[in-house]
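For reference, the structure discussed in these notes is given below.
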Protein chains: 2
Amino acid sequence: MRAAPTPNEMLQLDKQLCFAVYSTSLAMTRLYKPLLEKLGLTYPQYLVMLALWEEDGPTVSALGERLSLDSGTLTPLLKRLEASGLVARLRDVADERRVHITLTAEGRKLKAKAANVPACLLAASECSIDELVQLTRQLQTLRDRVKAAA
Amino acid sequence: MRAAPTPNEMLQLDKQLCFAVYSTSLAMTRLYKPLLEKLGLTYPQYLVMLALWEEDGPTVSALGERLSLDSGTLTPLLKRLEASGLVARLRDVADERRVHITLTAEGRKLKAKAANVPACLLAASECSIDELVQLTRQLQTLRDRVKAAA
DNA sequence: GGCAATTACATTGCACACAATTTAATTGCA
DNA sequence: TGCAATTAAATTGTGTGCAATGTAATTGCC
């Protein structure tokens, strides 16, 4: 039977898990940076576009709910996407407080150009699709539990 | 036999894996925020302190190598830790270009106060330690491969 | 109908992250 | 030895991330 971990061992593990998630996220951002630059997107902007390609026209808060980002982050990001001509920000006619984010023709066209981006991560990971699906599921579970605890 | 994924399916998976890593990292930051606030630390500062508690006195670039962060990120962060009285920034006598980061007495004392932080993540995750160790290893492998490919 | 409470988004201020540039110290080589 | 090339940090500028606050529209309750 294994002894209970000491506080020191816990800090070690914590360092490893926290840091593993943190540094993987930064490493993926760096991997994608040169690819996304060609599309004129940053990594968070790419995540927003992925969400919009799946479902067009959400309000700012619906998008924030999905990405768990607040208006302080999204408002300036969306203004930059608007300035790039990829999305439009339209006030809801029925409720003028709401702002709907809709893809422009150019924004929709970008989806085709982005189609080859994921292959890069797949290749870099040296994993099968099934392994990546598996890892994704584990992370989603961890994230949802962490969110529930916060 | 499963058909090869379409570009659309690839974008779906990409969205899910990228987003899973990204959102888990943000969720962990948010979980720790109230705990770390009591210690007077931000999440990246906590990761730096974890590194220093393991090995005191590295140069800025050695620390950057370990955390894969550059001086543009570390310099201001370390100045804030210095301003909080947790670390000292000392020029190397032999090579004045180098700056060593060393813990102050207060910085070393903080380790004891941080000892209870990891338990929070362990509880939130609803996982066994072995499961977390397993997930950590997978992430480290993915991160190292992504870093090698970048 | 009138008005306080709520809601949706925008703004401000602070702390990363990182590319690009600058500054200062050291190295290496003719 | 002298000086170009290299190295280590620091600085600058842009883009998130988020708490706290502000503003305008809507709702709910009397």
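Please read all numbers here as calculations on a predicted model, not as lab measurements. Numbers restart at 1 for each chain; the letters A, B, ... are given by sequence-line order, proteins then strands.
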B/T59 side chain near D/dA8 phosphate (N/O to OP1/OP2, under 4.0 Å):
no

Side chain of A/L77 (C-beta onward), nearest among C/dC9, D/dT16, D/dA9
D/dT16

Solution key, residues 61-69 of chain A side-chain donor-acceptor pairs under 3.5 Å, sequence neighbours excluded:
from, atom 1, to, atom 2, distance (Å)
A/S61, OG, A/T59, OG1, 3.3
A/R66, NH2, A/E54, OE1, 2.7
A/S68, OG, B/R30, NH2, 3.4

Under 4.0 Å between a side-chain nitrogen and a carboxylate oxygen: does that hold for B/E82 and B/R89?
yes

What distance separates A/L142 CG from A/R137 CZ, expressed to the nearest 0.5 Å?
15.5 Å

So does A/K79 get a side-chain nitrogen or oxygen closer than 4.0 Å to the phosphate oxygens (OP1/OP2) of D/dT14?
no

Under 4.0 Å between a side-chain N or O of A/Y43 and OP1 or OP2 of C/dA17?
no

Should A/R30 be listed as having a side-chain N or O under 4.0 Å from OP1 or OP2 of C/dC18?
yes

Nearest listed nucleotide, side chain of B/L69, among D/dC18, C/dC18, D/dA9
C/dC18

How would nucleotides 20-27 of chain D be written as a contact map, 5' to 3', with B for base contact, S for sugar-phosphate-only contact and - for no contact, using protein heavy atoms under 4.0 Å?
-----BS-

Main chain of A/T73, side chain of A/D70: is a donor-acceptor contact present, judged purely on distance under 3.5 Å?
yes

With a 4.0 Å cutoff (strictly under), does any side-chain N or O of B/Q45 reach OP1 or OP2 of C/dA15?
no

Protein-nucleotide distance (B/L90, atom CG; D/dA8, atom P), rounded to Å:
18 Å

Tell me: CG of A/L47 to C1' of D/dG15, nearest whole Å?
14 Å

I need the CZ-C1' distance between A/F19 and C/dA17, as an integer number of Å.
14 Å

To the nearest Å, give me how far apart CD1 (B/I101) and C1' (D/dA9) are.
10 Å

May I have the step-by-step check of side-chain contact (heavy atoms from CB on, under 4.5 Å) for B/Y43 and B/M28, ending in yes or no?
CA-CA 9 Å; B/Y43 188 71; B/M28 285 177 53; 3.8 Å; yes

B/R89 side chain near D/dA10 phosphate (N/O to OP1/OP2, under 4.0 Å):
yes

Atom-pair distance (CG on A/L36; C1' on D/dT16), nearest Å
14 Å

Applying a 4.0 Å non-hydrogen cut-off, can you work out what B/T73 is touching in the nucleic acid: base, sugar-phosphate, or nothing?
base

If you only use heavy atoms from C-beta on, which nucleotide in D/dA19, D/dA10, C/dA8 is closest to the side chain of B/K33?
D/dA19

When the distance from CE of B/M28 to P of D/dC18 is rounded to whole Å, what number comes out?
14 Å

What is the distance, to the nearest angstrom, from the CG atom on B/L78 to the P atom on D/dT11?
13 Å

What is the nucleic acid contact for A/T42, judged by heavy atoms within less than 4.0 Å: base, sugar-phosphate only, or nothing?
sugar-phosphate

So, B/S125 and A/R145: side-chain donor and acceptor under 3.5 Å apart, yes or no?
no

Just to be sure I understand the rule, does B/L74 reach a base, reach only the sugar-phosphate, or reach nothing, if contact means heavy atoms closer than 4.0 Å?
nothing

Contacts of A/R97 meeting side-chain contact (heavy atoms from CB on, under 4.5 Å) (sequence neighbours excluded), chain-then-number -> A/D95

Starting from P on C/dA19, measure out to CD on A/E37 and report it in whole angstrom.
9 Å

Side chain to side chain contact (heavy atoms under 4.5 Å, CB included) partner of B/L86, chosen from B/M49, B/R80, B/Q45
B/M49

